[in-house]
Amino acid sequence: MTTDRLDSGLCALIDIIYRRQTPNRDPLALMPEWFDALRRLLPFSSGVFMPIDPVGGALCQGYTHDCDQHDMRDYLTHYQILDPYVIWQPALNNPGAVVRLSDVTDIGRTVRGEFGQFMNRIPYFHALAVIPQLNGVPLGAFSVHRQRRQRDFDPREMALFQWFVGHATTAIDYLSLRRQRDDQRPPAVLVMSREGKIQALSAEAQRIVESLPEKEPQILPGRCDASRIWRCGSEVFVVSTRRVDPASLIGLGHAIRVPHSVAIDRLAQRLRVSEGEQRREFAVTLEKLDVNDAVRGEVFGLHLSPQQKRVAILLLKRYEPRQIAEILALSPHTVRDYVKDIYRRAGVNGYEKLVSRLSNGNGASPSPSGPTT
């Protein structure tokens, strides 16, 4: 490729990445256009972008470019733990840097093993991977692949891919912030009957329920449960129920009565009423916990680690340590240790004093021990 043609292609790719978008456009929906434009400059057979759960560090289902979605689900379920990129974590240990598969492992030996079964399916012989970070939090894994008969990526192509990912990350950050600012989501609420029928639901509740796995119904909180924690991919929801007058939906926001239909009954099968439920009808509210969006800076002035900030945010929301452990997939012992350190850094000796300090926006003086890692 000539220099003039490369420069022209780079300008075109920049224009595609940063062109004006509608305020509520999902960045993942832009990936097809971005990868198509990249392919004109960097030939590859397939590519993926998989978001990373900042809480647990796991790869999540994302965008696939000329990859079968079923194969990628199979990868996340069975083959991820065999991937040299995951075993050695070269991209996570060097955020923003391009890592070539051939520099990590002996490809000839790898394709003869169990992971080779997957590599021969997508196809996935030569590969580049980058995991960029936004303010210290990993965004996701960008990767492009070539087939066995194709040549490996060279240093110039590695530099080009790094350049592309850098601009894509900046655009995703901007679009995500803009979407959060403009996205005024209505309440997520639905009304269930004791028999497990959906009587009414809001559009947001329908969206959430449709995202739940069909083969593993989520159990709704019973009368004795304050709330339940649902994890769906990288999203975490706090689900609670309350009694509702069967004759009225006053106070239930945007929930609308729905007639029984095959589609609604199929949707209801993703939910399970708890045993012993006596309420004839009850309202279900679903609150999404954006604890990762809230840790973008030193929000409390306490010099906390990202995980400690998540714990502090949930304490501020008045969740109990056992609930925080469930939300963040941590052990109760670890959460208790985090809470003690947060108390020490805030200069308080109890939960109510901490909530008062954080609720009033009064930051604490930096701890003598400095920030944690």
Steps toward ring pair (Phe, Tyr, Trp, His ring centres under 6.0 Å) verdict (Phe153, His126): CA-CA 7 Å; Phe153 296 93; His126 305 295; 7.2 Å; no
Any [X] side-chain heavy atom under 4.5 Å of [Y] side chain:
X	Y	answer
Val144	His65	no
Val284	Val191	no
Val111	Arg148	yes
Asn93	Trp88	no
Ser202	Val189	yes
Arg121	Tyr79	yes
Arg272	Leu220	no
Arg39	Phe44	yes

Specify whether Phe118 and Phe115 have parallel, tilted or perpendicular ring planes, treating 30° as the upper limit for parallel and 60° as the lower limit for perpendicular.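 Ring orientation, 0 to 90° scale: tilted.
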Can any side-chain N or O of [X] pair as donor or acceptor with the backbone N or O of [Y] at less than 3.5 Å?
X	Y	answer
Asp74	His70	no
Thr105	Leu101	no
Asp173	Thr169	no
Glu216	Pro213	no
Gln147	Arg149	no
Tyr85	Ala127	yes
Asp106	Arg109	yes
Thr64	Asp68	no
Arg270	Gln218	no
Gln133	Gly96	no

Do [X] and [Y] belong to the same hydrophobic cluster, where Ile, Leu, Val, Met, Phe, Trp and Tyr are linked whenever their side-chain heavy atoms lie under 4.5 Å apart, directly or via other members?
X	Y	answer
Ile87	Ile122	yes
Phe237	Ile219	no
Val99	Ile81	yes
Tyr174	Ile14	yes

Roughly how far, to the nearest 0.5 Å, is the [atom2] atom of [Y] from the [atom1] atom of [X]?
X	Y	atom1	atom2	value
Leu30	Phe49	CG	CZ	11.5 Å
Leu41	Phe164	CG	CZ	10.0 Å
Met72	Leu59	CE	CG	8.5 Å
Ile264	Leu201	CD1	CG	5.5 Å
Thr285	Leu190	OG1	CG	9.0 Å
Gln89	Leu92	CD	CG	5.0 Å

Can you list the steps and then say if Leu76 with Met50 is a side-chain contact (heavy atoms from CB on, under 4.5 Å)? CA-CA 10 Å; Leu76 292 173; Met50 291 182 287; 3.8 Å; yes
If every non-hydrogen atom of [X] is compared with every non-hydrogen atom of [Y], which pair is closest and at what distance?
X	Y	answer
Gln150	Ser45	OE1-CB, 4.0 Å
Leu286	Ala205	CD1-CB, 4.3 Å
Pro90	Val104	CG-CG2, 3.8 Å
Ser240	Pro221	CA-CG, 4.1 Å
Ser193	Val273	O-CG2, 3.9 Å
Gln278	Arg194	O-NH1, 2.9 Å

Let's go through Lys197 and Glu281 carefully: what are the C-alpha distance in whole Å and the side-chain angles of both, what is the deciding distance for salt bridge (Lys or Arg N to Asp or Glu O under 4.0 Å) to 0.1 Å, and is it a yes or a no? CA-CA 9 Å; Lys197 301 288 186 180; Glu281 282 190 340; over 6 Å; no
Begin from the C-alpha positions of Tyr343 and Asn349 and carry the test side-chain contact (heavy atoms from CB on, under 4.5 Å) through to its verdict. CA-CA 6 Å; Tyr343 286 170; Asn349 57 5; over 6 Å; no
Under 6.0 Å between ring centres: does that hold for Phe35 and Tyr63?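 Centroid distance Phe35-Tyr63: below 6.0 Å, so yes.
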Tell me yes or no: between the side chains of Arg146 and Ser46, is some donor less than 3.5 Å from an acceptor?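 No.
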How about His145 and Ser143: does a side-chain donor come under 3.5 Å of a side-chain acceptor?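 Side-chain D/A pair, His145 to Ser143: present.
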Under a 4.0 Å threshold between the charged nitrogen and the carboxylate oxygen, would Glu320 count as salt-bridged to Arg322?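 Salt bridge flag = yes for Glu320 with Arg322.
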If you measure from the Lys or Arg side-chain nitrogens to the Asp or Glu carboxylate oxygens, is any gap between Glu277 and Arg279 under 4.0 Å?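 Yes.
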Worked check of side-chain contact (heavy atoms from CB on, under 4.5 Å) between Leu139 and Ile52: CA-CA 6 Å; Leu139 172 68; Ile52 293 180; over 6 Å; no
With a sphere of 6.0 Å drawn around CD of Glu210, does it hold more than 12 non-hydrogen atoms of other residues, nucleotides or ligands?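 More than 12 heavy atoms, drawn from other residues, nucleotides or ligands, come within 6.0 Å of this atom.
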Taking everything shown except Glu275 itself, do over 12 heavy atoms lie less than 6.0 Å from its CD?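 No, CD of Glu275 has 12 or fewer neighbouring heavy atoms, counting only those of other groups under 6.0 Å.
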Go through it in stages, so that I can follow the logic: the residues are Arg100 and Asp154, the test is salt bridge (Lys or Arg N to Asp or Glu O under 4.0 Å), and I'd like the CA-CA distance, side-chain angles, deciding distance and then a yes or no. CA-CA 9 Å; Arg100 186 167 53 182; Asp154 61 37; over 6 Å; no
List the steps and the verdict of side-chain contact (heavy atoms from CB on, under 4.5 Å) for Ile324 and Tyr338. CA-CA 11 Å; Ile324 294 173; Tyr338 282 150; over 6 Å; no
